[in-house]
Engineer: 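I have a structure here, written as structure tokens, and I will follow up with some questions on it.
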Amino acid sequence: MSKKPSYTDLMNRIEELESRDAEWRGHVRAEWGDDGLLKTSDRSFRDLVENSLTGISILLEEKVVYRNPEQERIFGPLTDDGPPSIYERVHPNDLEKLHGLIQATISGHARQEGIVIRFINLGGKTEGENAMRWLHCRTNLIELQGRKAVLINMMDVTKAREAERLLNIRDRMISLGHVTTGIAHEIRNPLSGINIYLDTAEQILQRGGDPEKMKEILGKIQAASSKIEAVIRRVMDFSKPSEPRLESIDIHQPIEEALGLCAVMLRKTGVEIITDLAPGLPPCKADVQLIEQVVLNLITNAAEAMKGMETNKKIKICTLQKGLRIVVSVADTGPGVSPDLAQKIFDPFFTTKKSSTGIGLSLCQRIIHDHGGILKVSHSPLGGAEFSFAIPVNS
Ligand code: ADP
């Protein structure tokens, strides 16, 4: 059976097709000085553009003034109502991304690798998610009749995206299958605890009921049930690939919320928290809840790594701006992560703990990846591990 192409294979194929387009881009530059593309008489150039497998559009002041046939196949032909805006039918969450790309192109800083943009209501399929298409867009700055124009190449990668999404879900399901025993174990222990506490509560009630003891038992039942809930929630989070809801946020908000949530745990375990949060950071584009989840996970991991230590248990959280990104780091004074483990710890279900799922870091990495960043581990100046990620500012 032939091997299904991976998403990377498909992207490489796109690169290959686009590099062929370099030839006609040369023509574009040569032609447009005097006459303008729309009137060009060069047949070979026209043939190249019109037969290209890549959708090609030309934008003047963010309006589409030309579409080649492949682009017309996706968007339909231009009509006599005047040039449409390039932002028509762009998914609302991708509007800023496309605007950023076009502005960067005009100012001569276009990203060579391009970006993937979602378009909606492009015809064919009619409802909901099905009507959405993923188009890989690359841009070039050109001159059209003495004015700055943007040449935009678009390749439909919807099928590749869909295939990748399904493969991801399948992989996660297979991985989940592998750890069902572990999950069952994690749930069974607190569940047995609940049953024992219930028996004890019954006995206490039969003996007339001691309110203090009952209160204690109820607290224990509650803790055990929360543990089961947490296991289920983590498994659900992992199997459900949720799209982040990106908003303009102050990065310190999710950090402070995460710190608030684990303050008691840190105090009880003797961990000192040091914060070095840069003042006046610009807002960034992020999902508050997901970033909070990542920071909470990193803090919990750091605290767990220092569990066996008697003294010098410290976690330092820093934020700083680096160019157009905001960097968040969580460092600790624990044993650190050895170079051979550093490769594995982001794998789903890799854990060195006796009763843990090993889901945390792979989930964190996926969240940061969805925010356009990478989660990295390094050696901390404090002596232990340092986990850091950088996400784009909301420009
Ligand atoms: P889990 O916490 O369930 O083991 P994670 O994916 O969160 O799953 O972590 C995977 C492994 O990475 C941990 O088992 C541990 O070995 C290692 N690790 C994570 N954080 C740290 C840290 N701060 N210091 C040392 N090792 C760490």
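Only this structure's heavy atoms are used, side chains among them; waters, hydrogens and symmetry mates stay out. Whatever order the structure lists them in is the order used to number ligands and atoms, beginning at 1.
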Engineer: Under a 4.0 angstrom heavy-atom cut-off, which atoms of ligand 1 come close to Ala302?
Structural biologist: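 What qualifies from ligand 1 is 23 (N).
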
Engineer: Can a salt bridge be assigned to the pair Asp332 and Lys314 using a cut-off of 4.0 Å between side-chain N and carboxylate O?
Structural biologist: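 Lys314 and Asp332: not salt-bridged.
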
Engineer: Using a 4.0 Å cut-off to any heavy atom of Ala305, which atoms of ligand 1 qualify?
Structural biologist: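 By the 4.0 Å cutoff, the relevant atoms are 22 (C), 24 (N), 25 (C).
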
Engineer: Any salt bridge linking Glu143 with Arg147? Criterion: basic side-chain nitrogen under 4.0 Å from a carboxylate oxygen.
Structural biologist: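 Judged by the 4.0 Å cut-off on N to carboxylate O distance, Glu143 and Arg147 do not form a salt bridge.
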
Engineer: Check each heavy atom of Phe387 against ligand 1 and say whether those closer than 4.0 Å belong to the side chain, the backbone, both or neither.
Structural biologist: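 The part of Phe387 near ligand 1 is the side chain, not the backbone.
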
Engineer: Show the atoms of ligand 1 that are less than 4.0 angstrom away from any heavy atom in Phe350.
Structural biologist: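 Those of ligand 1 that fall under 4.0 Å from Phe350 are 10 (C).
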
Engineer: Report yes if Thr352 has an N/O atom closer than 3.5 Å to an N/O atom of ligand 1; otherwise report no.
Structural biologist: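 For ligand 1, there is an N or O atom that lies under 3.5 Å from one belonging to Thr352.
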
Engineer: From atom 5 (P) of ligand 1, work out which of Leu363, Leu361, Leu341 has a heavy atom at the shortest distance.
Structural biologist: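 When every heavy atom of Leu363, Leu361, Leu341 is considered, Leu361 comes closest to atom 5 (P) of ligand 1.
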
Engineer: Nearest 0.5 Å please: distance from the CD atom of Gln365 over to the CG atom of Asp370.
Structural biologist: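 That separation rounds to 11.0 Å.
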
Engineer: Among Val294, Val295, Asn301, find the one that has a side-chain contact (heavy atoms from CB on, under 4.5 Å) with Asn297.
Structural biologist: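 Among Val294, Val295, Asn301, the one meeting side-chain contact (heavy atoms from CB on, under 4.5 Å) with Asn297 is Asn301.
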
Engineer: Can a salt bridge be assigned to the pair Glu304 and Lys353 using a cut-off of 4.0 Å between side-chain N and carboxylate O?
Structural biologist: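 The answer is yes: the pair qualifies as a salt bridge.
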
Engineer: For Ile345, take its heavy atoms, then give the atoms of ligand 1 lying under 4.0 Å from any of them.
Structural biologist: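 It comes down to these atoms of ligand 1: 6 (O), 10 (C), 11 (C), 12 (O), 17 (C).
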
Engineer: Of all the heavy atoms in Cys364, does at least one lie under 4.0 Å from an atom in ligand 1?
Structural biologist: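 False for this residue.
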
Engineer: Can you find an N or O of Thr351 that's nearer than 3.5 Å to an N or O of ligand 1?
Structural biologist: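 N/O-N/O distance below 3.5 Å exists for this pair.
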
Engineer: Do Thr139 and Thr105 meet the criterion of a side-chain donor-acceptor pair at a distance under 3.5 Å?
Structural biologist: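 Their side chains do contain a donor-acceptor pair, which is all the 3.5 Å distance test asks for.
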
Engineer: Is ligand 1 under 4.0 Å from a heavy atom in the side chain of Asp332, in the backbone, in both, or in neither?
Structural biologist: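 Only the side chain of Asp332 comes within reach of ligand 1.
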
Engineer: Where the closest heavy atom to atom 27 (C) of ligand 1 is concerned, which of Asn301, Val337, Thr300, Thr333 has it?
Structural biologist: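 Shortest heavy-atom distance from atom 27 (C) of ligand 1: Val337.
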
Engineer: Which heavy atom in Glu72 sits nearest to a heavy atom in Leu78, and how many Å separate them?
Structural biologist: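 Closest heavy-atom pair between Glu72 and Leu78: OE2-N, 4.5 Å.
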
Engineer: Does Tyr87 have any ring pair (Phe, Tyr, Trp, His ring centres under 6.0 Å) partners at least two apart in sequence or in another chain, and if so, which?
Structural biologist: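 Tyr87 satisfies ring pair (Phe, Tyr, Trp, His ring centres under 6.0 Å) with His99 only.
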
